[in-house]
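Worth knowing before you read on, the calculation uses all heavy atoms, side chains too, and leaves out hydrogens, waters and symmetry mates. A quick note: this is a predicted structure, and the numbers were derived from the prediction, not measured.
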There are 2 protein chains.
Amino acid sequence: MNDAQAAQDITVCGDDDIAEQEALQDVLIDPQTANRLAEIFKALSDPSRLRLISLLMDHEVCVHSLETAVGMSQSAISHQLRYLRQLNLVRFRKEGRHVYYALDDDHVRELFAQGLLHVEHG
Amino acid sequence: MNDAQAAQDITVCGDDDIAEQEALQDVLIDPQTANRLAEIFKALSDPSRLRLISLLMDHEVCVHSLETAVGMSQSAISHQLRYLRQLNLVRFRKEGRHVYYALDDDHVRELFAQGLLHVEHG
DNA sequence: CTAATATATGAATATATGTTCATAGATTGA
DNA sequence: TCAATCTATGAACATATATTCATATATTAG
């Protein structure tokens, strides 16, 4: 029996059974945790952002190189980078006219890598 | 040096260096992969859905129990369950008037668990 | 059969989101 | 200094999304 099937082991229905409702409350994540978790996953929920993130995983890249690599407009890229910046998921370094971005969050790095594994094989 | 800092090792900027641009193309995920990846993360990008998913991780739960547990309206829950159903992330089993839902995707299970670990500790 | 219960659904609405367009700011080269 | 380059930003717009409201469907109880 795999993990997905194991979920069927415990069945919860009806308010009559107090123990079952308590079991649910034990696993239910609280609203604040849900918000913070959603914030992380939302950063990974857009194809354009994911393509940018894939480039920033192991490289420090300037905006123009991102532009030519992914084929998005400079403005769209800059807006997405600001979004990632505000979540502290990337760091940036200014050098002359260029600004170099790099992924700066190992949680996102791991989630991205794990998600990619799943999408690529089974 | 941690993983996040390691990303700084390689710097890419400028179209003059062909090798650098090729290095980016190697790690850039293709649009189809980005779409499928975004689809998974998007399912995990809403606090209400995350709370429902937390309940369905290890239990098979009927809609009414979900309602009392998370405090959402029956309609809102039903809409979110349809969303998860259409992505084949949950399975459901009808028994009389009740419908029991359970998480049915180990990828989502792993991503949720890993994300939660990160949110809870460091 | 009828009423009550459990779940699903479509329409409407408000908000969020990603992109474009135009433009601003900053740095360098001539 | 002036023009060119690189990046950031605000407004506008179109689309997506989550919820509510009203209602439909299905099953069971009486």
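- When every heavy atom of A43(B) is checked against every heavy atom of I53(B), the shortest pair comes out as O-CD1, 4.1 Å.
- Evaluation of the side-chain contact (heavy atoms from CB on, under 4.5 Å) rule for Q86(B) yields R82(B) as partners, not counting sequence neighbours.
- Judged as a side-chain contact (heavy atoms from CB on, under 4.5 Å), and not counting sequence neighbours, the contacts of A23(A) are H59(B).
- Every residue was checked against the ring pair (Phe, Tyr, Trp, His ring centres under 6.0 Å) condition with H79(A), not counting sequence neighbours, and none meets it.
- Between L116(A) and L37(B) the shortest heavy-atom distance is N-CD1, 3.6 Å.
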Would you tabulate the side-chain donor-acceptor contacts of residues 95-102 of chain A under 3.5 Å, counting partners in other chains and residues two or more places apart, or write 'none'?
residue : atom : partner : partner atom : Å
E95(A)  : OE1  : R93(A)  : NH1          : 2.5
Y101(A) : OH   : R85(A)  : NH1          : 2.9

Would you mind building the protein contact string for nucleotides 3-10 of chain D? One character per nucleotide, 5' to 3', B for base within reach (heavy atoms under 4.0 Å), S for sugar-phosphate only, - for untouched. --BSBBBB

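- For the contact set between residues 31-47 of chain B and DNA chain C, defined by any heavy atom under 4.0 Å, there are no members.
- Residue pairs meeting the side chain to side chain donor-acceptor pair (under 3.5 Å) criterion with at least one member in residues 39-53 of chain B, sequence neighbours excluded: R49(B)-Q80(B).
- Under the side chain to side chain donor-acceptor pair (under 3.5 Å) criterion, T33(B) pairs with D30(B), not counting sequence neighbours.
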Verify side chain to side chain contact (heavy atoms under 4.5 Å, CB included) between M57(B) and V27(A), making sure each step is shown before the conclusion. CA-CA 8 Å; M57(B) 285 280 284; V27(A) 296; over 6 Å; no

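- Between the OH atom of Y83(B) and the C1' atom of dT19(D) there is a distance of 15 Å, given to the nearest Å.
- Between chain A and DNA chain C, the heavy-atom contact criterion of under 4.0 Å yields a 5' to 3' nucleotide range of dT17(C) to dT28(C).
- In this structure, D105(A) contributes its side chain and V108(A) its backbone to a donor-acceptor pair below 3.5 Å.
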